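Before any comments, here is the structure.
Here, residue 1 is the first one in the sequence, and each next residue gets the next number. Just so we're clear, the structure is a prediction, and the values are computed from it rather than from any experiment. First listed ligand is number 1; within each ligand, the first listed atom is number 1.
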Amino acid sequence: MLTIEKVLVIDSVKEMIMESTVVLDKTVVDKLLFAYDSEKSVLAKSVLEKIIQNQEIARTENIPLCQDTGLVVCFVEVGRNLHFDYDLSEAINEGVRRGYIEGYLRKSVVAHPLKRVNTKDNTPAVIHYDFIPGNELKIHLAPKGGGSENMSALKMLSPADGREGIIDFVLKTIKDAGGRPCPPLIVGVGIGGNFEHVAYLAKKAIFRQIDDASSVMEDRLLEEELLDKINKLDVGPMGLRGATTALAVKVESAPCHIASLPVAINLQCHSARKKEVTLYGKKA
Ligand code: SF4
């Protein structure tokens, strides 16, 4: 029987929290640098410069990239040969708890949406599970900012609305949001599935590598067209106009009902914090 020690899960999650909230991944920094070089607007360029300087200061002085240190979202892939004699969600949440407390990170979670009492340790995380062949446990983790999450949207389109309907909805959502989701953005778009699955797809989309492209041709073409059109909206960095509204667009699709065309948009701000770890099962 293969397993992974609970303490290893806890420590890995804690370390991912403490690192991802402080160090912006190089692939995102490279995109920001490229946008800075390409941007024509003086004001947009200066905003991008501040964002780039901000991540440098965060990394070198070991302080959070943003005061909003997010609500933790995890996509967990569990190898089918693994066995756990403990509650995996509990272990992940213990890692979150330790990461936010030991990292002196802002605690941004309330226990009930109406009572609004802070849980004081940033738990619980939102955790999605999937099963994969083999002996590995992969944890993909993102401390997700509230500002960009609030500007995300979902709509049940009619199949007759088609591709144009999707594009119009994405563009309207981003135009209406303006500076509030803290652009430049990574735009996750889910299409298909049903009401709850399409939101899952949009969230999963923002976990992709910033410079990859969909392996589904239809989705890949949509990603390219949306990125081009979003960057012509003139929203710009932090909503102050310019050609850099989005750094990337990711589309994830799924089969759906003949009567439906669900679309969801999950916005990721420029503080695009994300980490992943692979743990390997050992004999118990
Ligand atoms: S949306 Fe992102 S950049 Fe804006 S305040 Fe929240 S975490 Fe920070």
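Side-chain contact check for D219 and S253: at least one donor-acceptor pair (N or O, by modelled atom type) lies under 3.5 Å. N266 and Q268 share no side-chain donor-acceptor pair at under 3.5 Å.
Annotation: F75 is in aromatic contact with Y200 [ring centroid separation under 6.0 Å].
Exactly one residue among V126, T119, V72 makes a side-chain contact (heavy atoms from CB on, under 4.5 Å) with V109. That residue is T119.
Close to ligand 1: R273, with a non-hydrogen atom less than 4.0 angstrom away. Judged by the shortest distance from any of its heavy atoms, Q67 lies inside the 4.0 Å radius around the atoms of ligand 1. A heavy-atom separation below 4.0 Å is found between S148 and ligand 1.
Looking at L71 and P143, their side chains never come closer than 4.5 Å, going by heavy atoms from C-beta outward.
Looking at Q268 against ligand 1, nothing comes within 4.0 Å, counting heavy atoms.
Scanning the protein for heavy atoms near atom 2 (Fe) of ligand 1, the closest one is C269 SG, 2.3 Å. Of all protein heavy atoms, the one closest to atom 8 (Fe) of ligand 1 is C66 SG, 2.3 Å. In terms of protein heavy-atom proximity, atom 6 (Fe) of ligand 1 is closest to D68 OD2, 3.0 Å.
When distances to atom 8 (Fe) of ligand 1 are checked against a cut-off of 2.8 Å, C182 contributes no N, O or S atom below that limit. Residue contacts to atom 2 (Fe) of ligand 1: H270 brings no N, O or S atom closer than 2.8 Å.
Ion pair E276/K138 not flagged as a salt bridge, since none of the NZ, NE, NH1 or NH2 atoms sits closer than 4.0 Å to an Asp/Glu carboxylate oxygen. In summary, E94 and R98 engage in a salt bridge, as defined by a charged side-chain N under 4.0 Å from a carboxylate O.
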